[in-house]
Amino acid sequence: MTSAEKPDFKVVGTRPIRPDGVEKVTGRARYGADTHPPGLAYAQILRSPHAHARIVSVDLSEAEKSPGVLAVATHSDLPAAEDKTEAVGEGAVNIKELSELILASEKVLFAGHGIAAVAAQTQNQADDAVAKIKVEYELLPAVLDVRDAMRDDAPILDESRRTKELGGETSDRPSNIASHSQFAAGDVEAGFAEADLIVERAFTTKMVHQGYIEPHSSTAMWNPDDTIAVWTSTQGPFAVRSQVAEILRRSLGSIRVTPMEIGGGFGGKMTIYLDAIAAVLSRKIGRPVKMSMSRRDVFEASGPTSGTAIRMKMGVKDGKITAAEASLTYEAGAFAGSSVGAGAMCMLAPYSIENIKLDTYDVVVNKPKTAAYRAPGAPAAAFASEQVIDEITKQLDVDPLQFRLQNSSREGTKMVTGMVFPTIGHEECVQAALDSPHYKTPIEGPNRGRGVASGFWFNGGMQSSVAASVNPDGSVNLTEGSPDIGGTRASLSMQLAESLGVSYEDIRPAVVDTDSIGHNDVTGGSRTTFASGLAVYEAGQAVVGQMKERAAKLWSVEADDVVYEEGVLKCLKDSTKEMTFKEMAAQSARTGGPIVGQASLNARGVGAAFATHIVDVEVDPDTGKTEILRYTAVQDAGKAVHPSYVEGQIQGGVAQGVGWALNEEYFYDEEGQLLNSSFLDYRMPTTLDLPMIDTIVLEVPNPGHPYGVRGVGEVPIIPPLAAVANAVADATGQRFTDLPMSPRRVVETLQELD
Amino acid sequence: MDNFTYAAPRTLGEAYALLANGQSTTFLAGGTDVIVQLREARKHCDQLIDLKHIPELMSLTLRSDGSLAIGAAMPCAEIYENAEATRAFPALIDVATLIGGIQIQGRASLGGNLCNASPAGDSACALAVQGARLLIGSSSGEREIVVEDLFAGPGENTLKPGEILVQIMIPAQPANSGARYIRFIPRNEMDIAVASAGARITLAPGGDTIESAKIAIGAVAPTPLVVEEAGAALEGQAPGEEAFARAGQLAADAARPITDMRGSAAQRKHLSSVLTRRALEGALSRAKEAR
Amino acid sequence: MARTHVVTTINGSETEFLAEPRESLLSVLRETLGLTGAKEGCNNGNCGACNVLFNGRLVNACCVLAVEAQEASITTAEGIANGAGLHPVQQAFLEEAALQCGICTPGFIVAAVALLGKEPDADEQRIRAYLAGNLCRCTGYDKIIRAVQKAGEKMQQGASA
């Protein structure tokens with residue numbers, strides 16, 4: 001942990017124990033599947049074994065007679081959905097397609113697509129009954145690869161789909177290409193004409209999963225008064241509420257969503273795969289219904305991130321990038337809406353490049369509908385751009401970090417989107433990487449290599465609403481609506497304590513249900529510590545304002561004559577008059593009642609995040625296996641509110657990125673069956689696959705936040721794919737442009753096996 | 001998941017009687033494979049017979065002749081926690097410490113690993129090169145087979161209805177010998193072997209030539225393969241890179257692998273050679289230590 | 001299918017339950033007995049989130065049948081803390097920020113307690129090997145390993161004091 005200057009914070013920047021820690025280390029914290037209301041029934045979904053098929057008939061009769069069965073449901077139990085788009089989480093969802101995703105009506109579009117649901121007395125009985133549902137399918141050819149799906153003769157998933165082209169035109173015939181967009185600046189032809197070195201390469205990445213350890217689980221109770229209660233593990237209880245309302249065509253006010261503790265999300269826990277159908281079954285039986293995915297269901301039927309095909313061309317002259325051109329093609333899954341746009345916007349953001357043209361294609365294939373995954377779209381894009389840069393530096397024989405420093409974006413640089421950067425920290429990241437003990441230690445030994453890469457993520461703002469209620473003893477209830485996935489109760493409590501000038505231990509945070517606080521957007525986009533933090537700061541200031549007014553009344557002075565310094569109210573007119581925060585809290589009943597500060601906002605002033613990573617690897621040429629020897633991640637956090645959790649976010653992002661680089665992939669057979677839908681064969685890193693991950697946290701304050709906070713969660717997953725690939729290229733002399741760089745791929749390449 | 005009955009017989013006799021009741025039966029030892037197979041409907045049965053309460057299947061005996069008898073249901077952890085077994089049979093410990101993580105090793109048994117008859121199972125190759133034999137019991141008596149004869153094909157063993165694998169018997173290892181089992185997995189834990197190899201080398205009294213060798217390779221054919229020609233090619237040779245490379249090539253020639261999500265045929269053939277060489281190197285260094 | 005009456009000891013208390021033979025120990029702990037500290041991450045023995053001690057051995061509760069618990073002694077995550085005080089492993093997880101979402105945490109803690117109970121001096125490599133059957137997707141393991149090392153040091157100091 002290094003930091004240039006330490007502003008004078010009392011709580012922000014310290015490392016207290018998280019408020020929810022004791023419950024989580026004693027096994028008493030309650031997650032999605034830990035819900036157990038009285039009278040609970042259990043449900044299971046029948047899922048398609050086929051990747052693409054027309055549903056000819058569904059025979060539920062045997063299932064209905066199966067022991068313990070209480071009710072069954074199919075798509076026809078959902079109200080007709082509106083063909084409209086609603087903002088959900090970090091993206092948008094078409095309600096009609098969401099309804100089809102929850103349970104298919106006429107066609108299944110991927111193996112794992114839900115068809116019918118059964119509620120029973122026990123989970124085993126629900127499972128038994130589902131096995132008795134008879135479905136007749138008319139099999140259709142499946143298309144699994146994004147490039148195949150774009151061909152003119154490809155099987156079409158949706159005959160009504162037309163490509164939304166540049167400028168808003170639509171194609172005249174059915175297509176799997178949902179949309180084609182472009183981001184451009186300057187004149188790329190001129191930029192390439194000027195270049196004295198041009199490198200062009202094609203890259204592919206496979207569909208991968210967020211890999212959260214907690215499967216999706218939702219419990220719903222449809223009450224006799226037509227109110228609906230949902231208990232679920234989600235990044236966005238308000239997003240769940242609005243989706244359930246749209247799908248079931250109920251009012252928002254009739255639905256209460258209680259966010260349980262959440263066992264990881266990384267972008268994947270925002271879509272309502274289970275909630276609405278659990279509610280439908282509950283309505284039929286008048287009892288609460290719990291629905292949980294198996295691990296296999298999670299892999300097959302939740303929302304992984306896109307496989308991609310990216311072509312990238314870059315020109316340089318005198319060590320400066322003159323032009324960059326790319327086409328990015330991303331799998332959306334069974335329905336439109338991949339993260340290709342975000343990928344394109346992030347791809348070259350670390351660099352100041354005048355001439356850019358990026359074409360993006362969002363393409364449907366017979367695989368699960370993709371969802372957000374940590375910095376959605378950006379890691380695959382950086383896998384391409386950061387390798388092309390690496391190859392340029394190798395051809396020019398220049399230091400890859402010096403090259404990045406020379407071309408770096410800085411305050412005032414214009415992104416391809418037209419946005420101009422305020423104060424940002426990419427140059428600082430690259431410089432810190434250059435100065436790091438890791439980079440200064442040469443890598444030696446056979447089959448070893450070093451790679452570096454940078455990454456950029458926008459970070460999110462969006463809506464937050466919080467309340468700070470002062471208790472008579474001076475403790476403060478912090479009521480918030482952002483599910484705590486990785487320590488945000490701590491980071492928000494710390495900012496409230498800082499804003500109030502009280503101690504961290506006096507803050508009692510609670511993540512509450514959707515009836516109990518104003519709207520909060522999802523915990524996602526690296527927004528919570530920043531945006532809810534901003535709200536928390538303002539709520540604290542509101543409390544201080546009220547306390548000043550009350551003190552002014554007590555002292556018969558104007559409010560302006562009262563100041564609040566380090567937890568003490570002071571009268572400017574009379575230095576003998578002072579009251580501590582706790583003394584004023586004790587006076588709340590006789591000075592006007594409870595003191596409650598609230599803040600609701602749509603956060604502006606988001607500070608972008610940059611990171612630069614260094615990795616050393618050793619590749620066994622006989623087996624193709626890559627070991628990570630050493631890893632250093634440099635990142636600008638703006639201000640690390642709780643440095644331990646900032647380091648933890650960085651380390652976790654690196655681990656996911658290394659898994660993506662080396663072993664993780666959705667492995668399909670030709671018919672579209674996912675063959676590795678378990679933690680045994682979907683190979684996420686274990687304790688033995690990673691070294692300790694060194695972090696260097698920089699603090700280039702975000703001018704848009706009172707403490708300088710930038711989001712930190714997402715950017716650390718962006719550089720590892722390319723950094724590892726660059727290191728493997730350094731170690732083997734062979735550039736790997738396709739992920740994963742599994743032992744199979746590496747050994748087949750190095751040993752030239754057929 | 002089938003709604004089976006559960007029985008935990010206390011003697012082999014009780015177990016044999018249950019096997020005669022006409023129900024389709026699956027055995028439960030550590031359960032780390034079979035419970036998952038039943039849950040995922042990859043296996044079906046009317047009754048599940050838990051073998052862990054039968055003394056013969058839960059014993060570990062180092063006999064006076066230097067041989068080791070391992071109850072078929074003994075968890076791996078109890079094997080590698082046994083100091084004498086660890087000292088005398090290091091290649092057995094290679095396997096016992098490789099199967100699954102710690103929480104699997106506390107339950108998983110060699111008998112279960114063998115009877116699953118997965119081509120990628122870890123125990124077969126290690127046991128085969130050490131000359132292990134299996135004691136198989138039934139109500140009509142006992143029989144013995146060499147370990148490689150248990151395998152009929154992927155997921156199929158040669159036990160007949162009514163039979164139970166009771167014990168795995170590893171003979172005392174020859175003087176001047178050493179054995180080693182290794183596998184290749186993409187991660188460093190929690191994986192199934194992409195390919196594997198076991199090797200035992202017995203050095204001639206002088207120590208500079210190989211008296212005999214036995215090599216077995218896994219996950220590269222429908223059953224674990226003992227590659228006789230690779231072992232034979234090493235006889236009388238000086239142990240070292242050249243001889244081991246030749247043996248590795250012979251092992252690769254014998255491999256008949258498939259391509260699946262865990263690896264390609266070409267990769268597996270190549271790995272057969274690499275792993276055979278590496279297993280031989282490990283076996284050689286153990287043989288030297290033994291001297 | 002007739003259910004079996006099982007008498008067992010869980011976290012030191014004699015406990016009875018009825019279970020179908022096909023029910024896993026994990027399912028009975030969670031749904032029948034309300035002990036939800038053991039988490040279902042995969043239900044096939046690949047993640048360690050459901051780790052419990054079964055007759056003193058670390059096991060995945062998803063790969064044990066509930067009927068096997070007859071006359072056994074089981075310790076779950078809820079039984080690790082001693083009365084009002086946290087176990088040194090739990091304390092170290094808090095101090096080292098070794099959890100983010102926390103879903104894998106009970107399994108890691110049960111596993112780490114099993115290791116340090118026998119080998120409080122376990123080094124980094126030994127800790128990594130022992131915990132390799134426990135998956136965490138949030139932390140990259142760094143802080144988990146450090147927490148276990150720290151707890152081991154505390155336990156050694158406690159033992160020598």
Side-chain angles (χ1 to χ4, degrees), chain B residues 1-8 10 23 25-53 58 73-81 97-109 112 185 187-192, chain C residues 1-4 6 19-27 38 40 42-72 107-108 110-115 118-119 122 125-135 141:
Chain B
M1 189 176 193
D2 293 334
N3 215 346
F4 47 78
T5 60
Y6 168 85
R10 305 283 147 164
Q23 306 270 296
T25 299
T26 293
F27 296 115
L28 172 69
T32 52
D33 281 320
V34 80
I35 291 174
V36 176
Q37 290 163 352
L38 287 164
R39 183 177 294 139
E40 295 175 354
R42 286 186 280 134
K43 197 163 234 166
H44 299 275
C45 69
D46 300 327
Q47 68 177 349
L48 188 67
I49 300 183
D50 187 344
L51 301 172
K52 291 192 295 296
H53 299 273
M58 289 297 283
M74 278 288 278
C76 289
E78 296 204 25
I79 299 170
Y80 64 66
E81 285 169 7
T97 52
L98 263 187
I99 293 176
I102 300 292
Q103 45 283 81
I104 300 295
Q105 291 160 8
R107 296 263 295 168
S109 65
I185 57 174
R187 289 183 287 190
N188 290 317
E189 175 51 68
M190 214 177 303
D191 256 325
I192 304 289
Chain C
M1 179 55 57
R3 295 196 291 169
T4 304
V6 177
E20 288 183 358
R22 62 178 172 169
E23 279 185 88
S24 69
L25 177 61
L26 177 62
S27 155
E40 181 187 314
C42 69
N43 213 24
N44 52 15
N46 296 321
C47 78
C50 65
N51 278 180
V52 299
L53 301 179
F54 189 88
N55 292 333
R57 279 210 186 277
L58 186 69
V59 301
N60 292 313
C62 70
C63 289
V64 177
L65 294 178
V67 290
E68 292 185 76
Q70 194 75 264
E71 291 167 30
F108 267 99
V110 171
V113 166
L115 169 63
K118 293 178 292 186
E119 304 170 41
Q125 197 49 35
R126 174 66 178 147
I127 294 168
R128 286 188 182 275
Y130 201 90
L131 298 179
N134 291 77
L135 287 176
Y141 304 107

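Hydrogens, waters and symmetry mates play no part in the numbers below; they use all other heavy atoms, side chains included. Proteins come first, then strands; the chains are lettered A, B, ... in the order of their sequence lines, and each starts at number 1. These numbers were taken from a predicted model, which means no experiment stands behind them.
Across all non-hydrogen atoms, the minimal contact from C:R57 to B:A77 is NH1-CB, 3.4 Å. Here the closest heavy-atom approach between residue C:P21 and residue B:Y6 is recorded as CB-CB, 3.8 Å. C:N60 and B:Q103 make their closest contact through OD1-CG, 3.2 Å (heavy atoms, listed as atom of the first residue, atom of the second, distance). Of all heavy-atom pairs between B:I104 and C:G45, the closest is CD1-O, 3.7 Å.
Looking at B:E189, only its side chain comes within 4.5 Å of chain C, counting heavy atoms on both sides. Using a 4.5 Å cut-off between heavy atoms, B:D33 does not touch chain C at all.
For residues 36-44 of chain B, a heavy-atom distance under 4.5 Å to chain C picks out B:V36, B:R39, B:E40, given by residue number. Proximity to chain B at a heavy-atom threshold of 4.5 Å picks out C:G48, C:N51 from residues 48-56 of chain C, in numerical order.
Annotation: side chain of C:L65 is in contact with side chain of B:L48 (closest heavy-atom distance under 4.5 Å). Proximity of B:M190 to C:N46: side-chain heavy atoms (C-beta onward) are separated by under 4.5 Å at one or more points. Looking at heavy atoms from C-beta onward, B:L28 lies in side-chain contact with C:E68 at the 4.5 angstrom threshold.
With chain C as the partner, the residue from B:D2, B:V34, B:N188 showing the most heavy-atom pairs under 4.5 Å is B:D2.
Taking OG1 of B:T5 as the reference point, atom CD of C:E20 lies at 12.5 Å (rounded to 0.5 Å). The CD1 atom of B:I35 sits 12.0 Å away from atom CG of C:N44, with the distance rounded to the nearest 0.5 Å.
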